[in-house]
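A quick write-up on the structure given underneath.
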Amino acid sequence: MSTLLIKHAYLATMDDHQSEYPDGGLFIRRGLIENVGPTSELPETADEVLDLSGHILLPGLVNTHHHFYQTLTRAVPAAQNANLFNWLKTLYPIWARLTPDDIFTSTQTALSELALSGCTTASDHLYLFPNGSRLDDEIEAALQVGVRLHASRGSMSLGESQGGLPPDSVTDSEDKILADSERVIERYHDPKTGSMTQIVLAPCSPFSVTGDLMRESAKLARRHGVHLHTHLAETEDEEQFCLQKFGHRPVGYMQAVDWVGDDVWFAHSVYVNQEEINVFAKHHCGVAHCPTSNMRLASGIAPIREYLAAGINVGLGVDGSASNDGSHLLAEVRQAMLLSRLKEGITGFSLSNDPSRKLMTAREALRLGTTGGAAVLGRKDIGSLEAGKCADFFAINLNRLEYAGAMHDPVSAVVFCQPVRADFTVVGGRFVVKEGRLVTVEEAELILRHNKAAKRLVGS
Ligand SMILES: [Zn+2]
């Protein structure tokens, strides 16, 4: 099918003018948007025509931080009520049993969940490779599901015996990490418009890799023009670790290892001061905000309004499914809006007459999940519905109980009301979800296979 016409949807483009069309649509040719606007101004027919009367249509959501494999270890009893370091120490030995099949299956599960929540591009951070697992297992699964993937080749090299947090058994030698990083860049990285697979280099965190590996990873990434990603300033424990081990706060440590630039984005970045926010702004570093995970692990509340005021690109991440414990990106949009409001409340919004202290709106939260995420990943071809961009979008039938009474403003309804499943999710003009069902994955079979793998891994 070379052309696809979508018509009669309530369409929000998320373009710079925030254009919205109550009776709008898209004309798509070979995976790219050729026209967007009122239905009456679009071509009248195409190879496939879809009437989305009664549906809202939005740009596909962009997930900027995840660990797909953790869908196998959701709600593990011993890790339910722990902060980050204790949670990690409980789960590392379980993750050490992961196999290549587990990586494949968990990728299918996470991406299926994401697609059903409106996500069309996801970044995943895979940082342990036990029992012969490879990034290739994840890439192969993602291509089958049909969601765009920014596969972060993660790594851990600083084990307990050298003062790191993870057990030595889940770390690798730095030579092996760098060689495999270069291999996957050369094999898979596609920087072109409409790319389905991009590679990112992503040493896991300050407390699990050495400064040398950070520096060498940055050099390698820049030689090949791929982006860099890591966890940063997630908790106060990490801040103490960095001060003691490296003599810097986390952001200062990143500057010391040459990890600032418009090719770098950090997950979480909760514990930063204004000076460090200015460092991000000056060097155009991006931030992946993961509100549910930050609440789940009692980590803290990231200063998102301060980041946005400083002009920093902010995207959303569901984070790993052992600290969320879901992969519902539209739900994360809602969490981002609500958590930002809570922070304003805690810091005295209700007492303030400062006009700049506004509550985050539904549309601002949606921008984090769309254009914000695309900017963080360095993509100009996704994030909004505009001519020349990828035909990545999702649609939800508005005629449902969850939205009853909220039709005064359908765009806000999908953020304020209880998050639901997408009825249609399309990536590059191809359906991944159609009429509420996954097209590329057999859901019931996947659930069985996934639960069997989780049972073997967790041992209960
Ligand atoms: Zn994470």
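In listed order, ligands and their atoms are each counted from 1. What's counted below: heavy atoms across the whole structure, side chains too, no hydrogens, waters or symmetry copies.
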- Is the closest side-chain donor-acceptor distance between Glu332 and Thr292 under 3.5 Å? yes
- Item | Within 6.0 Å of CD in Glu275, more than 12 heavy atoms from elsewhere | no
- Would the number of heavy atoms belonging to other residues, nucleotides or ligands and lying under 6.0 Å from CZ of Arg437 be above 12? no
- Message: I want to know whether His66 and His150 have ring centres closer than 6.0 Å.
- Response: no
- Message: Closer than 2.8 Å to the Zn ion (ligand 1), what protein N/O/S atoms do you find?
- Response: His65 NE2, His67 NE2, His231 NE2, Asp319 OD1
- Looking at Phe129, is Arg153 sitting on its ring face, NZ or CZ under 6.0 Å from the six-membered ring centre and within 45 degrees of the normal? yes
- Message: Go through it in stages, so that I can follow the logic: the residues are Arg341 and Glu344, the test is salt bridge (charged side-chain N to carboxylate O under 4.0 Å, His left out), and I'd like the CA-CA distance, side-chain angles, deciding distance and then a yes or no.
- Response: CA-CA 5 Å; Arg341 290 175 172 217; Glu344 290 297 318; over 6 Å; no
